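Just below is one structure, and these are the notes that go with it.
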Amino acid sequence: MNCKVCKFGGSSLADAGQFKKVADIINAEEERRYVVASAPGKRDKNDIKVTDLLYDCYDKAANGEDFDEVLAKIKLRYDNIIKDLGLVDFELDEDFDKIKASFSNMAGRDYAASRGEYLNSKILAAYLGYDFIDAAKVIFFDDHGKYDWEKTREKLRPLLEATPKAVIPGFYGSMPNGTIRTFSRGGSDVTGSIVARAARATLYENWTDVSGFLIADPRVVKNSQPIKTITYTELRELAYMGASVLHEDAIFPVRSAGIPINIRNTNRPQDPGTTILSETAEPCEHIITGIAGKRGMSVINIEKDKMNSEIGFGRNVLRSLEKNDVSFEHIPSGIDTMSVVIQTDALTGKETAILDEIHSRVHPDQLYIESDLALITIVGRGMKSARGTAAILFTALAEARVNVKMIDQGSSELNIIIGVAEEDFDIAMRAIYDAFIKIER
Ligand code: ASP
């Protein structure tokens, strides 16, 4: 039978009303057999996620402070969900007694945080009538704290084969010595991906509170259209620029197994969302798949006659950054010029040291830093097969009277990155969006 793994994020499981929506989604398709759950998230803007309450509670315990009040607040959130769902003969009192004792015995911050998904998954399993599988028994890390796929597969795959329907808590697993370890924040996405791979799922559905990715940031481009399909590589490019809905490590387990990810909205299940596919996917309906950008960049400009024939020039420039512990983002270059784009935050306070170092290493004719730069990347597998992409891009920017300070196109033809003054950022984003999205393939 086909099998889908569905991960529900914290806002999708924040209260009983949301749980009911989740149950409707699961019950709508027989194939939705494995469910990965987050801890209860925010019910509104001012609410606090249970994960954050748990960290806070544990920190109090670790400092020898009284933590009863915070723990009672956490318990109340779960008790309300149980009551409002009308679950009878189900309670978490014993679990909370155990948690309290473990906090007093310093069971660890990761253990504390993991209880959010553990308890929520228990409730969801009871509500759906699914089995509950504790992630500590099936998701493993090695002695260095690195996630261990071999060991995980060995345990998880046969267990899933023997369990037709189950809820598995996201976010955590266990170390070789049995202690609990979590992924980084937002890590239930990673668990979902691991479970999908272990189950040999046909699809990994990641249910959240938005209907997938938008072509451009809606705070900059109003009414941006959604992205219907995107490849893993395109997603990496956009995520690098800050367009994030999914934990970045969630891509790898399913990608290697060729399992697509579908980002869906629990509050609007009728929306198709965005599907993340392998590289061979058909081009999408537009030349470009998405546009993303980053403010707060600086560029070190270096000019020197005959730079091109000086062996080791680039290495010496980059060595100057390395010595000052600064990483770079891009290096667009000309015959006698080289520019190094760096995040302004990383550069602040180190400008003089870096310039001095470059001076003494390569003796440039000109050397200066320009700040207040923004980068914009247009990403699209459709660009490879479309002629005139650059023409559309630069015409749009010229018509919007935006000066392009830097251009960088990778040889994969998957993206073009441009640098503009920060003050031109919004205008440039809108101009690019309008130019490309109006043109249908
Ligand atoms: N509950 C965890 C967090 O808030 C993990 C997750 O939701 O994915 O980061």
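Numbering of ligands and ligand atoms starts at 1, following listing order. What you see below is based on every heavy atom in this structure, not just the backbone, and it leaves out hydrogens, waters and symmetry mates. In this chain, numbering begins with 1 at the start of the sequence shown. Note that the structure is predicted; figures quoted are calculated from it, not measured.
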*State yes or no: are the ring centers of Y204 and Y34 separated by less than 6.0 Å?*
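No, they do not, as the ring centres are separated by 6.0 Å or more.
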
*Within the 6.0 Å centroid threshold, strictly below: Y118 and F132*: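 Yes, the ring centres sit under 6.0 Å apart.
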
*Sequence neighbours left out, what passes salt bridge (charged side-chain N to carboxylate O under 4.0 Å, His left out) with E370? Give chain and number order.*
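Here the qualifying residues are K405.
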
_Heavy-atom contacts with ligand 1 below 4.0 Å: which residues, ordered by chain and residue number?_
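Residue list for ligand 1: S38, K49, T51, E117, F171, R185, G186, G187, S188.
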
_Can you confirm whether R77 sits close enough to R43 that some side-chain heavy atom of one is under 4.5 Å from a side-chain heavy atom of the other?_
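Counting from C-beta outward, R77 and R43 do come under 4.5 Å.
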
_Reference residue I417; test side-chain contact (heavy atoms from CB on, under 4.5 Å); the match among I376, V341, D408_ =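 Answer after filtering I376, V341, D408: D408.
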
*Salt bridge between R319 and E322, side-chain N to carboxylate O under 4.0 Å?*
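Between E322 and R319 there is a salt bridge, with a charged N closer than 4.0 Å to a carboxylate O.
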
